[in-house]
2 protein chains.
Amino acid sequence: MTISVLLVEDDIDLAATVVDYLEIEGISCDHAANGVQGLSLIDNNDYHVILLDINLPRLDGLSVCQKVRASSDDTPILMLTARDSLKDKVAGFDAGTDDYLVKPFEIEELLVRIIALSKRRSGQATSLNVGNLALQLKARTATYAGESLKLTPITFKLLEKLMREATKPVTRNKLMLAVWGEDQPDSNSLKVHIHHLRKQLDKVNANLSIDTEAGFGFVLRKKSP
Amino acid sequence: MTISVLLVEDDIDLAATVVDYLEIEGISCDHAANGVQGLSLIDNNDYHVILLDINLPRLDGLSVCQKVRASSDDTPILMLTARDSLKDKVAGFDAGTDDYLVKPFEIEELLVRIIALSKRRSGQATSLNVGNLALQLKARTATYAGESLKLTPITFKLLEKLMREATKPVTRNKLMLAVWGEDQPDSNSLKVHIHHLRKQLDKVNANLSIDTEAGFGFVLRKKSP
DNA sequence: CAATTTCTTAACCTTCACTTAACCCCTGCT
DNA sequence: AGCAGGGGTTAAGTGAAGGTTAAGAAATTG
């Protein structure tokens, strides 16, 4: 699977260098030139890793980091900074940073750390389990206590996302991204597929349900009643 | 909570220095002088972070790391090494390492990274607590002594703000900003939502109340009467 | 290229959260 | 007393969000 990262960096030359290098290495790379723009991209996409410069116009890197964490987003964040003092590092980690790199850095080193951070999150499990529900990623099959569910490509992706985040609500936006990427249908497709998924869970009498968090999104969790 | 780490390092002098320093900083630190001994300590304890030298007698650091990961143990591992080549770093990350430090390192830097790694693991439970009231930010749930409150998107944001500032009064203005941002309703919405929140706290017999500071705003604090 | 599965769209209905406004109470001020 | 204003309570209305269904377009499959 291809890694996608966001680079938030106001030095246009440096940014161009990094973006070009990463694209060549097969990593899809968006770029924001200031903190506010960065935040908005983060809200509307699902990056694997975020690269944050500390000195940014409009909103500095630490603040961006804090805001991201405050919105319960745990995407790995790598800080880029010219400063090398321990104080800054401590402040970074306090803000919720996962790693940092001191400028000037070797670009290969950046690559190594991006790959390491992206691995940390995706964990290469071949099967996801929530309660008695099991999803075989390679075989693209799902079973509940032995009985198999009938999943189409889209409902499979939907269920995968819900299971990865199980017990936590997933926003509509994130679900749409997980299923369709950038190129999303402009109708009520999502709720139709959610409906199909629920029917499948009913059919096997699963002890799990897809609850809706009004105004937010959906959660996969154990049935409450 | 006190952090406990394991240092696997064959250089006895270096090990002693590190152990002493960490103990002074309030971090409990075990020591193993070779890979085999290290593995056995890891199996029989629950460390928050593992510090692994790469060059070790009996079993090298990378192999130790691989074995730990193979047994589904995801304790954060920090590699210590004299080498600085990118190849080694890649190999380290492939083996399941979380972070990397090149010798000679400043011991304060080690401390920073240990704290960061230990946070990463426990940091999952992003939850706010005031008295017996707990707010799980990721799960978007709130419970008082086990019983759960029913929160809408707006009342959730309200409670979050009040809990973040708990025991300090929050002005109306700050609450409005926290909930609606710039685009605020022009009526008495806020007091209606405060009312809903109070009802939820009543329902679970919370020992907390939202007191009003006349002409100012509201405070979440322990019941006074 | 026909048959079947899968996806999107649209229409319709239901539910829910939020706003609004009316009314209440209490307190302080003239 | 009377009245003004801040806060509390309640309930109705509105609009948006969610649920359901079916039909036809699109994509797969043999």
Side-chain angles (χ1 to χ4, degrees), chain A residues 140-142 148-162 169-203 209-221 223-225, chain B residues 140-142 148-162 169-203 206 208-221 223-225:
Chain A
R140 305 228 112 212
T141 58
S148 71
L149 311 202
K150 196 187 171 193
L151 298 180
T152 69
I154 282 188
T155 47
F156 185 90
K157 282 187 200 166
L158 249 188
L159 184 56
E160 180 183 342
K161 184 68 178 173
L162 287 170
V170 189
T171 63
R172 242 166 258 292
N173 198 8
K174 300 234 164 186
L175 284 174
M176 302 275 284
L177 277 170
V179 174
W180 289 283
E182 302 300 328
D183 189 22
Q184 302 170 6
D186 50 341
S187 73
N188 58 356
S189 242
L190 179 63
K191 53 184 181 182
V192 175
H193 290 297
I194 289 277
H195 180 235
H196 291 328
L197 244 187
R198 282 176 170 152
K199 268 192 165 172
Q200 290 299 313
L201 290 178
D202 279 355
K203 221 163 247 169
S209 63
I210 299 175
D211 296 349
T212 126
E213 298 285 306
F216 230 79
F218 300 90
V219 213
L220 178 69
R221 63 156 79 97
K223 269 187 182 167
S224 38
Chain B
R140 297 199 71 86
T141 57
S148 70
L149 312 201
K150 196 187 169 194
L151 299 179
T152 68
I154 283 187
T155 47
F156 185 91
K157 282 187 200 165
L158 249 189
L159 183 57
E160 181 183 342
K161 185 66 178 174
L162 286 170
V170 189
T171 64
R172 266 192 180 60
N173 199 10
K174 298 225 169 190
L175 285 174
M176 303 275 285
L177 274 173
V179 174
W180 290 282
E182 303 299 330
D183 189 22
Q184 301 171 6
D186 49 340
S187 72
N188 58 354
S189 242
L190 180 61
K191 55 182 183 182
V192 175
H193 291 298
I194 289 278
H195 178 237
H196 289 328
L197 244 188
R198 283 175 169 153
K199 266 193 165 171
Q200 289 300 314
L201 290 179
D202 280 355
K203 220 163 248 168
L208 297 164
S209 64
I210 299 174
D211 297 349
T212 125
E213 299 285 309
F216 240 78
F218 301 90
V219 212
L220 177 69
R221 63 155 79 98
K223 267 186 183 167
S224 37

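Letters go in sequence order (proteins before strands), and every chain restarts at 1.
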Item to check | H196(A) vs dC7(C): side-chain N/O to OP1/OP2 distance below 4.0 Å | outcome: no
Item to check | Whole-Å gap separating C1' (dA17(C)) and CZ (F216(A)) | outcome: 14 Å
Checklist entry - How would you label the contact of F218(A) with the nucleic acid (heavy atoms, under 4.0 Å): base, sugar-phosphate, or nothing? => result sugar-phosphate
Checklist entry - CD1 of I194(B) versus P of dT20(C): gap in Å, rounded? => result 17 Å
Checklist entry - Any side-chain N or O of T152(A) less than 4.0 Å from the OP1 or OP2 oxygen of dC7(C)? => result yes
Checklist entry - Would one find a side-chain N or O of H195(A) under 4.0 angstrom from OP1 or OP2 of dT20(D)? => result yes
Checklist entry - Does a nitrogen or oxygen in the side chain of S189(B) sit under 4.0 Å from OP1 or OP2 of dT19(C)? => result yes
Checklist entry - dC16(C) C1' sits how many Å from E213(A) CD, rounded? => result 13 Å
Next on the checklist: Just N and O in the side chain of W180(A): are any of them under 4.0 Å from OP1 or OP2 of dT8(C)?
Outcome noted: yes
Checklist entry - Think K150(A) has a side-chain N or O under 4.0 angstrom from the OP1 or OP2 of dT6(C)? => result yes
Next on the checklist: Nearest to the side chain of N188(A), heavy atoms from C-beta on, is which of dT20(D), dT20(C), dG8(D)?
Outcome noted: dT20(D)
Item to check | Proximity to the side chain of K199(A) - top-ranked nucleotide from dG7(D), dT10(D), dT21(D) | outcome: dT21(D)
Checklist entry - Can you check whether R172(B) has a side-chain N or O nearer than 4.0 Å to OP1 or OP2 of dG6(D)? => result no
Next on the checklist: Quick check for you: among dT6(C), dT20(D), dC18(C), whose closest atom lies nearest to any side-chain atom of P153(A)?
Outcome noted: dT6(C)
